[in-house]
**Student:** 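Got a structure here, written out as C-alpha coordinates. Questions coming.
Numbering of ligands and ligand atoms starts at 1, following listing order.
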Amino acid sequence: MLQLVDVGRRSLAEYQKIVGEEALQELRALAGQLKGARILHLNATPYGGGVSELLRSQVPLLRALGLAADWRVIFGDEKFFTVTKAFHNALQGAAHALTEEDKETYLLYNTRNARLMEKDYDFIVIHDPQAAAVRHLRGDRGAKWVWRCHIDTSQPNPDVWAFLKPFIEAYDAAVFTMGQFIPADLMVKYVSIIPPAIDPLSPKNMDVPPEMCRRIVDWMGIDTERPIITQVSRFDPWKDPLGVIAVYKLAKQEIPGLQLALVGSMALDDPEGWHIYAEIQEYEKGEPDAFVFTNLTGVSNMEVNAFQRHSGVVIQKSIREGFGLVVSETLWKGTPVVAGRAGGIPLQLQDGVSGHLVDSVEECAERVVHLLRHPDEGAAMGAAGRKHVAEHFLLPRLIRDELRLLVSLA
Ligand code: UDP
(Lines give C-alpha, C1' and ligand atoms only; values in the text may rest on other atoms or scores of the structure.)
Protein backbone atom coordinates (compact mmCIF):
# COMPACT_ATOMS: atom_id res chain seq x y z
CA MET A 1 0.00 0.00 0.00
CA LEU A 2 1.09 3.57 -0.56
CA GLN A 3 2.02 5.24 2.70
CA LEU A 4 -0.88 7.07 4.34
CA VAL A 5 -0.14 10.43 6.01
CA ASP A 6 -2.13 10.70 9.21
CA VAL A 7 -3.68 14.16 9.51
CA GLY A 8 -6.44 13.64 12.07
CA ARG A 9 -9.63 15.68 12.10
CA ARG A 10 -10.50 19.37 12.11
CA SER A 11 -13.71 21.25 12.57
CA LEU A 12 -14.99 23.45 9.79
CA ALA A 13 -16.84 25.65 12.27
CA GLU A 14 -13.58 27.27 13.39
CA TYR A 15 -13.26 28.91 9.97
CA GLN A 16 -16.63 30.60 10.29
CA LYS A 17 -15.19 33.58 12.16
CA ILE A 18 -12.67 34.16 9.40
CA VAL A 19 -14.55 33.53 6.16
CA GLY A 20 -18.19 33.76 7.28
CA GLU A 21 -21.06 31.29 7.32
CA GLU A 22 -22.03 31.75 3.68
CA ALA A 23 -18.66 30.49 2.43
CA LEU A 24 -18.93 27.41 4.63
CA GLN A 25 -22.50 26.75 3.48
CA GLU A 26 -21.27 26.72 -0.09
CA LEU A 27 -18.62 24.14 0.83
CA ARG A 28 -21.22 21.95 2.52
CA ALA A 29 -23.51 22.18 -0.50
CA LEU A 30 -20.70 21.22 -2.90
CA ALA A 31 -19.57 18.36 -0.67
CA GLY A 32 -23.22 17.23 -0.48
CA GLN A 33 -23.26 16.83 -4.25
CA LEU A 34 -20.28 14.47 -3.99
CA LYS A 35 -22.05 12.26 -1.41
CA GLY A 36 -19.16 11.01 0.69
CA ALA A 37 -16.90 10.47 -2.32
CA ARG A 38 -13.53 8.78 -1.77
CA ILE A 39 -10.76 11.19 -2.72
CA LEU A 40 -7.04 10.45 -2.83
CA HIS A 41 -4.41 13.19 -2.84
CA LEU A 42 -1.05 11.73 -3.82
CA ASN A 43 2.26 13.57 -3.69
CA ALA A 44 5.96 12.95 -3.16
CA THR A 45 6.67 14.11 0.39
CA PRO A 46 4.85 14.39 3.71
CA TYR A 47 6.99 17.39 4.78
CA GLY A 48 8.88 20.29 3.22
CA GLY A 49 7.51 22.55 0.51
CA GLY A 50 4.16 24.01 -0.37
CA VAL A 51 2.28 20.87 -1.46
CA SER A 52 2.67 19.09 1.86
CA GLU A 53 1.73 22.35 3.57
CA LEU A 54 -1.50 22.49 1.56
CA LEU A 55 -2.47 18.87 2.00
CA ARG A 56 -1.82 18.95 5.72
CA SER A 57 -4.64 21.48 6.07
CA GLN A 58 -6.87 20.53 3.17
CA VAL A 59 -7.36 16.81 3.77
CA PRO A 60 -8.77 17.08 7.32
CA LEU A 61 -11.21 19.76 6.14
CA LEU A 62 -12.39 17.54 3.28
CA ARG A 63 -13.05 14.90 5.93
CA ALA A 64 -14.92 17.44 8.03
CA LEU A 65 -17.15 17.95 4.98
CA GLY A 66 -18.07 14.27 5.00
CA LEU A 67 -15.74 13.22 2.19
CA ALA A 68 -13.53 10.15 2.54
CA ALA A 69 -10.28 11.96 1.77
CA ASP A 70 -6.86 10.36 2.12
CA TRP A 71 -3.38 11.77 1.68
CA ARG A 72 -0.76 9.30 0.58
CA VAL A 73 2.85 9.69 -0.51
CA ILE A 74 4.73 7.75 -3.12
CA PHE A 75 7.73 5.59 -2.45
CA GLY A 76 11.08 6.74 -3.89
CA ASP A 77 14.77 6.92 -3.11
CA GLU A 78 17.55 9.42 -3.80
CA LYS A 79 18.12 8.18 -7.34
CA PHE A 80 14.47 8.64 -8.27
CA PHE A 81 14.12 12.01 -6.53
CA THR A 82 17.29 13.27 -8.22
CA VAL A 83 15.62 12.51 -11.56
CA THR A 84 12.28 14.06 -10.53
CA LYS A 85 13.96 17.20 -9.17
CA ALA A 86 15.76 17.55 -12.51
CA PHE A 87 12.35 17.15 -14.22
CA HIS A 88 10.87 19.75 -11.87
CA ASN A 89 13.64 22.19 -12.78
CA ALA A 90 13.38 21.33 -16.48
CA LEU A 91 9.62 21.90 -16.49
CA GLN A 92 10.36 25.37 -15.10
CA GLY A 93 12.64 25.93 -18.08
CA ALA A 94 16.07 24.71 -16.94
CA ALA A 95 18.38 22.95 -19.36
CA HIS A 96 18.43 19.18 -18.92
CA ALA A 97 19.91 16.53 -21.16
CA LEU A 98 17.25 13.86 -20.77
CA THR A 99 18.80 10.38 -20.80
CA GLU A 100 17.39 6.91 -21.33
CA GLU A 101 18.43 6.15 -17.76
CA ASP A 102 16.33 9.09 -16.46
CA LYS A 103 13.30 7.74 -18.30
CA GLU A 104 13.89 4.20 -17.04
CA THR A 105 14.28 5.35 -13.44
CA TYR A 106 11.18 7.52 -13.65
CA LEU A 107 9.06 4.73 -15.13
CA LEU A 108 10.43 2.05 -12.83
CA TYR A 109 9.39 3.96 -9.71
CA ASN A 110 6.10 5.10 -11.20
CA THR A 111 5.33 1.45 -12.04
CA ARG A 112 6.16 0.37 -8.49
CA ASN A 113 3.97 3.11 -7.05
CA ALA A 114 1.13 2.29 -9.44
CA ARG A 115 1.26 -1.32 -8.16
CA LEU A 116 1.16 -0.08 -4.56
CA MET A 117 -2.08 1.77 -5.28
CA GLU A 118 -4.39 -0.92 -3.97
CA LYS A 119 -7.37 0.95 -2.58
CA ASP A 120 -10.09 2.26 -4.90
CA TYR A 121 -11.12 5.90 -4.98
CA ASP A 122 -13.68 8.00 -6.86
CA PHE A 123 -11.22 10.86 -7.46
CA ILE A 124 -7.45 10.68 -7.57
CA VAL A 125 -5.50 13.94 -7.51
CA ILE A 126 -1.80 13.54 -8.29
CA HIS A 127 0.37 16.51 -7.44
CA ASP A 128 3.29 17.57 -9.63
CA PRO A 129 5.44 15.48 -12.00
CA GLN A 130 6.94 12.91 -9.62
CA ALA A 131 4.07 10.42 -9.93
CA ALA A 132 2.41 11.79 -13.05
CA ALA A 133 2.75 8.51 -14.99
CA VAL A 134 0.81 6.51 -12.38
CA ARG A 135 -2.49 7.32 -14.11
CA HIS A 136 -1.27 5.83 -17.40
CA LEU A 137 0.33 2.83 -15.72
CA ARG A 138 -2.62 2.06 -13.47
CA GLY A 139 -5.54 2.53 -15.86
CA ASP A 140 -8.55 4.55 -14.74
CA ARG A 141 -9.90 2.02 -12.17
CA GLY A 142 -13.29 3.73 -12.31
CA ALA A 143 -11.92 6.97 -10.87
CA LYS A 144 -11.70 10.50 -12.24
CA TRP A 145 -8.04 11.54 -12.34
CA VAL A 146 -6.74 15.07 -11.84
CA TRP A 147 -3.15 16.22 -12.38
CA ARG A 148 -2.45 19.16 -10.08
CA CYS A 149 0.55 21.14 -11.28
CA HIS A 150 2.13 23.51 -8.75
CA ILE A 151 5.01 24.78 -10.86
CA ASP A 152 5.52 27.23 -13.70
CA THR A 153 5.30 25.05 -16.82
CA SER A 154 4.87 27.92 -19.26
CA GLN A 155 8.18 27.24 -21.02
CA PRO A 156 9.09 23.65 -20.26
CA ASN A 157 12.27 22.04 -21.43
CA PRO A 158 11.10 20.43 -24.72
CA ASP A 159 12.59 16.95 -24.16
CA VAL A 160 11.31 16.49 -20.64
CA TRP A 161 7.92 17.89 -21.58
CA ALA A 162 7.68 15.61 -24.63
CA PHE A 163 8.38 12.64 -22.36
CA LEU A 164 5.82 13.58 -19.69
CA LYS A 165 3.09 15.05 -21.90
CA PRO A 166 1.41 11.76 -22.95
CA PHE A 167 1.18 10.71 -19.29
CA ILE A 168 -0.49 13.99 -18.39
CA GLU A 169 -2.86 13.83 -21.31
CA ALA A 170 -4.25 10.59 -19.86
CA TYR A 171 -5.87 12.57 -17.02
CA ASP A 172 -9.48 13.75 -16.97
CA ALA A 173 -8.38 17.19 -15.83
CA ALA A 174 -5.27 19.25 -15.25
CA VAL A 175 -5.13 22.10 -12.74
CA PHE A 176 -2.69 24.99 -12.92
CA THR A 177 -2.11 27.96 -10.63
CA MET A 178 -2.21 30.48 -13.48
CA GLY A 179 -3.42 30.46 -17.08
CA GLN A 180 0.06 31.36 -18.33
CA PHE A 181 1.47 28.12 -16.88
CA ILE A 182 -0.50 25.87 -19.24
CA PRO A 183 1.95 24.46 -21.81
CA ALA A 184 0.84 25.61 -25.25
CA ASP A 185 0.43 22.11 -26.74
CA LEU A 186 -1.25 20.37 -23.80
CA MET A 187 -4.34 18.42 -24.87
CA VAL A 188 -6.33 17.43 -21.84
CA LYS A 189 -10.13 17.13 -21.59
CA TYR A 190 -10.57 19.66 -18.84
CA VAL A 191 -8.20 22.41 -17.65
CA SER A 192 -8.84 24.44 -14.55
CA ILE A 193 -7.05 27.42 -12.97
CA ILE A 194 -6.94 27.25 -9.19
CA PRO A 195 -4.37 29.17 -7.14
CA PRO A 196 -3.34 27.65 -3.80
CA ALA A 197 -4.18 29.15 -0.42
CA ILE A 198 -2.99 29.27 3.19
CA ASP A 199 -4.62 27.93 6.31
CA PRO A 200 -5.21 30.94 8.61
CA LEU A 201 -5.63 28.65 11.64
CA SER A 202 -2.53 26.48 11.28
CA PRO A 203 0.31 26.97 13.77
CA LYS A 204 2.24 28.62 10.93
CA ASN A 205 -0.39 31.28 10.36
CA MET A 206 -2.41 31.61 13.56
CA ASP A 207 -2.30 34.88 15.46
CA VAL A 208 0.65 35.06 17.83
CA PRO A 209 1.24 38.11 20.06
CA PRO A 210 4.27 40.25 19.09
CA GLU A 211 5.97 39.66 22.44
CA MET A 212 5.80 35.90 21.96
CA CYS A 213 7.29 36.26 18.46
CA ARG A 214 10.03 38.45 19.85
CA ARG A 215 10.89 35.81 22.44
CA ILE A 216 10.96 33.00 19.89
CA VAL A 217 13.21 34.97 17.54
CA ASP A 218 15.38 36.01 20.48
CA TRP A 219 15.73 32.36 21.52
CA MET A 220 16.89 31.55 18.00
CA GLY A 221 19.85 33.89 18.59
CA ILE A 222 18.61 37.06 16.89
CA ASP A 223 19.24 40.43 18.56
CA THR A 224 15.68 41.75 18.77
CA GLU A 225 16.89 45.31 19.40
CA ARG A 226 18.20 45.43 15.83
CA PRO A 227 16.34 45.14 12.50
CA ILE A 228 15.98 41.80 10.75
CA ILE A 229 14.96 40.68 7.28
CA THR A 230 13.98 37.11 6.45
CA GLN A 231 13.43 34.73 3.58
CA VAL A 232 11.64 31.44 4.24
CA SER A 233 12.14 28.91 1.42
CA ARG A 234 13.36 25.50 0.45
CA PHE A 235 17.05 25.69 -0.52
CA ASP A 236 16.42 25.78 -4.23
CA PRO A 237 18.16 27.77 -6.99
CA TRP A 238 14.82 29.24 -8.17
CA LYS A 239 14.33 30.82 -4.74
CA ASP A 240 17.70 32.59 -5.20
CA PRO A 241 19.08 32.27 -1.65
CA LEU A 242 22.47 33.61 -2.78
CA GLY A 243 20.67 36.63 -4.22
CA VAL A 244 19.08 37.18 -0.82
CA ILE A 245 22.51 37.23 0.83
CA ALA A 246 23.68 39.70 -1.82
CA VAL A 247 20.66 41.89 -1.03
CA TYR A 248 21.47 41.68 2.66
CA LYS A 249 25.11 42.67 2.06
CA LEU A 250 24.03 45.73 0.07
CA ALA A 251 21.35 46.75 2.57
CA LYS A 252 23.77 46.34 5.46
CA GLN A 253 25.97 49.05 3.98
CA GLU A 254 23.04 51.41 4.57
CA ILE A 255 21.76 49.90 7.84
CA PRO A 256 24.83 48.55 9.67
CA GLY A 257 22.86 46.82 12.45
CA LEU A 258 20.85 44.75 9.97
CA GLN A 259 20.48 40.99 10.48
CA LEU A 260 19.37 38.30 8.01
CA ALA A 261 17.54 35.03 8.66
CA LEU A 262 17.47 32.50 5.84
CA VAL A 263 14.99 29.89 6.96
CA GLY A 264 15.08 26.86 4.72
CA SER A 265 13.61 23.43 4.84
CA MET A 266 14.80 20.15 3.47
CA ALA A 267 12.18 18.08 1.70
CA LEU A 268 12.23 14.33 1.21
CA ASP A 269 11.93 14.71 -2.57
CA ASP A 270 14.57 17.45 -2.89
CA PRO A 271 18.13 16.06 -2.69
CA GLU A 272 19.42 19.27 -4.33
CA GLY A 273 18.69 21.15 -1.07
CA TRP A 274 21.83 19.78 0.59
CA HIS A 275 24.14 21.13 -2.12
CA ILE A 276 22.54 24.56 -2.01
CA TYR A 277 22.74 24.55 1.79
CA ALA A 278 26.51 24.00 1.59
CA GLU A 279 26.81 26.76 -1.01
CA ILE A 280 24.89 29.19 1.20
CA GLN A 281 27.09 28.40 4.19
CA GLU A 282 30.16 29.12 2.09
CA TYR A 283 28.72 32.36 0.71
CA GLU A 284 27.69 33.79 4.08
CA LYS A 285 31.01 32.97 5.79
CA GLY A 286 32.33 35.96 7.73
CA GLU A 287 28.83 37.46 8.11
CA PRO A 288 28.11 37.15 11.83
CA ASP A 289 24.69 38.79 11.45
CA ALA A 290 23.46 36.39 8.77
CA PHE A 291 21.78 33.24 10.10
CA VAL A 292 20.78 30.07 8.28
CA PHE A 293 18.13 27.96 9.99
CA THR A 294 16.55 24.70 8.89
CA ASN A 295 13.79 22.34 9.91
CA LEU A 296 16.56 19.93 10.93
CA THR A 297 17.53 22.21 13.80
CA GLY A 298 14.06 22.73 15.12
CA VAL A 299 12.72 25.58 12.97
CA SER A 300 9.17 24.50 12.55
CA ASN A 301 5.82 26.17 11.90
CA MET A 302 5.70 28.34 15.00
CA GLU A 303 9.23 29.63 14.43
CA VAL A 304 8.41 30.44 10.79
CA ASN A 305 5.31 32.25 12.05
CA ALA A 306 7.43 34.27 14.50
CA PHE A 307 10.04 35.20 11.88
CA GLN A 308 7.38 36.27 9.38
CA ARG A 309 5.74 38.47 12.03
CA HIS A 310 8.83 39.86 13.69
CA SER A 311 10.80 40.82 10.55
CA GLY A 312 10.65 44.41 9.34
CA VAL A 313 10.46 43.12 5.77
CA VAL A 314 10.25 39.60 4.37
CA ILE A 315 11.99 38.86 1.08
CA GLN A 316 10.99 36.25 -1.47
CA LYS A 317 13.54 36.73 -4.18
CA SER A 318 12.30 33.97 -6.47
CA ILE A 319 13.38 33.85 -10.11
CA ARG A 320 10.77 31.21 -11.01
CA GLU A 321 7.88 30.42 -8.73
CA GLY A 322 4.77 28.27 -8.92
CA PHE A 323 2.81 30.20 -6.34
CA GLY A 324 5.00 30.91 -3.31
CA LEU A 325 2.74 30.25 -0.32
CA VAL A 326 5.25 32.15 1.81
CA VAL A 327 4.09 35.42 0.25
CA SER A 328 0.49 34.97 1.38
CA GLU A 329 1.67 33.61 4.72
CA THR A 330 3.68 36.78 5.33
CA LEU A 331 1.10 39.27 4.06
CA TRP A 332 -1.57 37.57 6.19
CA LYS A 333 0.57 38.56 9.18
CA GLY A 334 0.64 42.19 8.09
CA THR A 335 4.34 42.17 7.19
CA PRO A 336 5.34 43.83 3.89
CA VAL A 337 7.06 41.67 1.28
CA VAL A 338 9.67 42.50 -1.34
CA ALA A 339 9.61 39.72 -3.90
CA GLY A 340 10.80 38.67 -7.33
CA ARG A 341 8.36 39.34 -10.15
CA ALA A 342 7.89 35.64 -10.83
CA GLY A 343 5.08 33.14 -11.38
CA GLY A 344 2.26 33.33 -8.87
CA ILE A 345 3.83 36.05 -6.72
CA PRO A 346 2.16 39.01 -8.52
CA LEU A 347 -1.23 37.37 -7.90
CA GLN A 348 -0.66 37.76 -4.20
CA LEU A 349 1.48 40.86 -3.93
CA GLN A 350 0.12 44.06 -5.45
CA ASP A 351 3.16 46.05 -6.49
CA GLY A 352 3.48 49.27 -4.50
CA VAL A 353 0.41 48.37 -2.39
CA SER A 354 1.34 45.41 -0.21
CA GLY A 355 5.06 45.47 -0.93
CA HIS A 356 7.25 45.61 -4.00
CA LEU A 357 7.95 43.36 -6.96
CA VAL A 358 11.58 43.53 -8.01
CA ASP A 359 13.77 42.34 -10.85
CA SER A 360 17.29 42.66 -9.47
CA VAL A 361 19.41 42.43 -6.32
CA GLU A 362 19.97 46.21 -6.34
CA GLU A 363 16.29 47.03 -6.65
CA CYS A 364 15.44 44.54 -3.94
CA ALA A 365 18.03 46.04 -1.56
CA GLU A 366 16.81 49.56 -2.27
CA ARG A 367 13.18 48.63 -1.48
CA VAL A 368 14.15 46.75 1.65
CA VAL A 369 16.19 49.68 2.98
CA HIS A 370 13.36 52.11 2.23
CA LEU A 371 10.77 49.99 4.05
CA LEU A 372 13.05 49.49 7.06
CA ARG A 373 13.53 53.24 7.25
CA HIS A 374 9.79 53.92 6.89
CA PRO A 375 8.08 51.37 9.15
CA ASP A 376 4.73 53.19 8.96
CA GLU A 377 4.71 52.73 5.21
CA GLY A 378 5.63 49.07 5.71
CA ALA A 379 2.79 48.59 8.21
CA ALA A 380 0.26 50.14 5.82
CA MET A 381 1.46 47.85 3.04
CA GLY A 382 1.25 44.84 5.34
CA ALA A 383 -2.34 45.75 6.24
CA ALA A 384 -3.27 46.04 2.56
CA GLY A 385 -1.63 42.66 1.95
CA ARG A 386 -3.60 40.99 4.72
CA LYS A 387 -6.85 42.26 3.24
CA HIS A 388 -5.97 40.94 -0.22
CA VAL A 389 -5.03 37.53 1.18
CA ALA A 390 -8.25 37.43 3.23
CA GLU A 391 -10.25 37.99 0.05
CA HIS A 392 -8.44 35.57 -2.26
CA PHE A 393 -5.99 33.18 -0.67
CA LEU A 394 -7.54 31.46 2.34
CA LEU A 395 -8.12 27.72 2.45
CA PRO A 396 -11.93 27.64 2.16
CA ARG A 397 -11.69 29.32 -1.27
CA LEU A 398 -9.23 26.66 -2.44
CA ILE A 399 -11.47 23.87 -1.21
CA ARG A 400 -14.46 25.50 -2.91
CA ASP A 401 -12.66 25.69 -6.26
CA GLU A 402 -11.46 22.09 -6.04
CA LEU A 403 -14.87 20.76 -5.04
CA ARG A 404 -16.44 22.63 -7.96
CA LEU A 405 -13.99 20.89 -10.24
CA LEU A 406 -14.77 17.46 -8.80
CA VAL A 407 -18.51 18.11 -9.08
CA SER A 408 -18.14 18.99 -12.75
CA LEU A 409 -16.01 15.90 -13.38
CA ALA A 410 -18.55 13.69 -11.61
N1 UDP B 1 8.65 26.31 4.83
C2 UDP B 1 8.86 25.99 6.15
N3 UDP B 1 10.11 26.04 6.66
C4 UDP B 1 11.17 26.40 5.92
C5 UDP B 1 10.96 26.75 4.55
C6 UDP B 1 9.69 26.67 4.04
O7 UDP B 1 7.93 25.67 6.88
O8 UDP B 1 12.27 26.42 6.43
C9 UDP B 1 7.28 26.27 4.31
C10 UDP B 1 6.75 27.65 3.98
O11 UDP B 1 6.29 28.29 5.15
C12 UDP B 1 5.64 27.31 2.98
C13 UDP B 1 6.21 26.10 2.26
O14 UDP B 1 7.23 25.55 3.10
O15 UDP B 1 4.48 26.93 3.67
C16 UDP B 1 6.83 26.49 0.94
O17 UDP B 1 5.83 26.69 0.00
P18 UDP B 1 6.02 27.64 -1.25
O19 UDP B 1 4.77 27.56 -2.04
O20 UDP B 1 6.43 29.00 -0.82
O21 UDP B 1 7.24 27.03 -2.05
P22 UDP B 1 7.61 25.54 -2.57
O23 UDP B 1 8.57 24.98 -1.57
O24 UDP B 1 6.35 24.75 -2.66
O25 UDP B 1 8.27 25.76 -3.88
**Student:** So which bit of Glu329 gets within less than 4.0 Å of ligand 1, heavy atoms only: side chain, backbone, both or neither?
**Tutor:** side chain
**Student:** Under 3.5 Å between some N or O of ligand 1 and some N or O of Gly50?
**Tutor:** yes
**Student:** Among His88, Arg56, Lys204, which one has a heavy atom closest to atom 2 (C) of ligand 1?
**Tutor:** Lys204
**Student:** Does the side chain of Glu101 come under 3.5 Å of the side chain of Thr99 through a donor N or O and an acceptor N or O?
**Tutor:** no
**Student:** Counting only N and O atoms by type, is there a donor-acceptor contact under 3.5 Å from the side chain of Asn89 to the main-chain atoms of Ala86?
**Tutor:** no
**Student:** Specify side chain, backbone, both or neither for Lys239, according to which of its non-hydrogen atoms lie closer than 4.0 Å to ligand 1.
**Tutor:** side chain
**Student:** Using a distance-only test with no angle check, is there a side-chain donor-acceptor pair under 3.5 angstrom linking Gln348 and Ser328?
**Tutor:** yes
**Student:** With a 3.5 Å cut-off and no angle check, do the side chains of Trp238 and Asp152 form a donor-acceptor pair?
**Tutor:** no
**Student:** Short list, please: which atoms of ligand 1 are under 4.0 Å from a heavy atom of Glu53?
**Tutor:** 15 (O)
**Student:** Measure Val263 to ligand 1 on non-hydrogen atoms and call it side chain, backbone, both or neither using the 4.0 Å cut-off.
**Tutor:** both
**Student:** Any N or O on Leu325 sitting closer than 3.5 Å to an N or O of ligand 1?
**Tutor:** yes
**Student:** Using heavy atoms and a 4.0 Å limit, tell me yes or no: is Asn295 in contact with ligand 1?
**Tutor:** no
**Student:** State whether a side-chain donor-acceptor pair under 3.5 Å links Gln316 with Ser233.
**Tutor:** yes
**Student:** Number the atoms of ligand 1 from 1 as they appear, then name those within less than 4.0 Å of a heavy atom of Gly264, with their elements.
**Tutor:** 4 (C), 8 (O)
**Student:** Applying the side chain to side chain contact (heavy atoms under 4.5 Å, CB included) criterion to Arg309, which one of Asp207, Val314, Ile216 satisfies it?
**Tutor:** Asp207
**Student:** Could you pull out, from Val232, Asp270, Val304, Asp199, the option with a heavy atom nearest to atom 6 (C) of ligand 1?
**Tutor:** Val232
**Student:** Enumerate the atoms of ligand 1 whose separation from the nearest heavy atom of Arg234 is less than 4.0 angstrom.
**Tutor:** 22 (P), 23 (O), 25 (O)
**Student:** When you compare ligand 1 with Ser265, is there at least one nitrogen or oxygen pair between them that comes in under 3.5 angstrom?
**Tutor:** yes
**Student:** Let me know which of Val244, Ile315, Ile255 forms a side chain to side chain contact (heavy atoms under 4.5 Å, CB included) with Ile229.
**Tutor:** Ile315
**Student:** Side chain, backbone, both or neither: which part of Ser233 comes within less than 4.0 Å of ligand 1 when only heavy atoms are counted?
**Tutor:** backbone
**Student:** Could you check, using the six-membered ring where one of them is a Trp, whether Tyr109 and Phe80 have ring centers closer than 6.0 angstrom?
**Tutor:** yes
**Student:** Aromatic ring centroids of Phe167 and Phe163 under 6.0 Å?
**Tutor:** yes
